[in-house]
Amino acid sequence: MAGQAHDLMLRLHGDPPTEDDLAGWMQKGSVVRLEVSEPGSHQKAHGMLVNFSGVVFAWLVPFRSGRGVSF
């Protein structure tokens with residue numbers, strides 16, 4: 001995570017951000033708290049702070065089982 005360059009897929013819970021939200025966070029280098037869980041994990045949703053100044057690209061994809069989107 002911190003200081004590491006790699007892909008991270010998260011299942012977002014609650015209202016999904018728009019593409020404009022993501023673009024704005026990346027342009028401003030915002031730190032945003034998201035409610036997430038990891039796909040394939042039985043872990044409950046939890047808060048995660050994401051520093052979008054370090055995000056090179058992001059996309060939203062509808063999640064197939066249950067509520068949420070993948071990020």
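All heavy atoms count here, side chains included; hydrogens, waters and symmetry mates do not. Numbering starts at 1 and runs along the sequence shown.
- Contacts classified as salt bridge (Lys or Arg N to Asp or Glu O under 4.0 Å) and involving residues 14-34 (residues at least two apart or in different chains) are given here: Arg33-Glu35.
- Nearest heavy-atom pair across Leu60 and Thr18 is CD1-C, 4.4 Å.
- Of all the heavy atoms in Leu22 and Ala58, the pair that sits closest is CD1-CB, 4.3 Å.
- Between the side chains of His46 and Ser37, no donor N or O sits under 3.5 Å from an acceptor N or O.
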Stepwise side chain to side chain contact (heavy atoms under 4.5 Å, CB included) check, Leu10 with Met48: CA-CA 10 Å; Leu10 300 171; Met48 177 180 280; 3.7 Å; yes

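- Residues that satisfy the side chain to side chain contact (heavy atoms under 4.5 Å, CB included) test with Val32, not counting sequence neighbours, are Trp25, Ser30, Leu34, Phe52.
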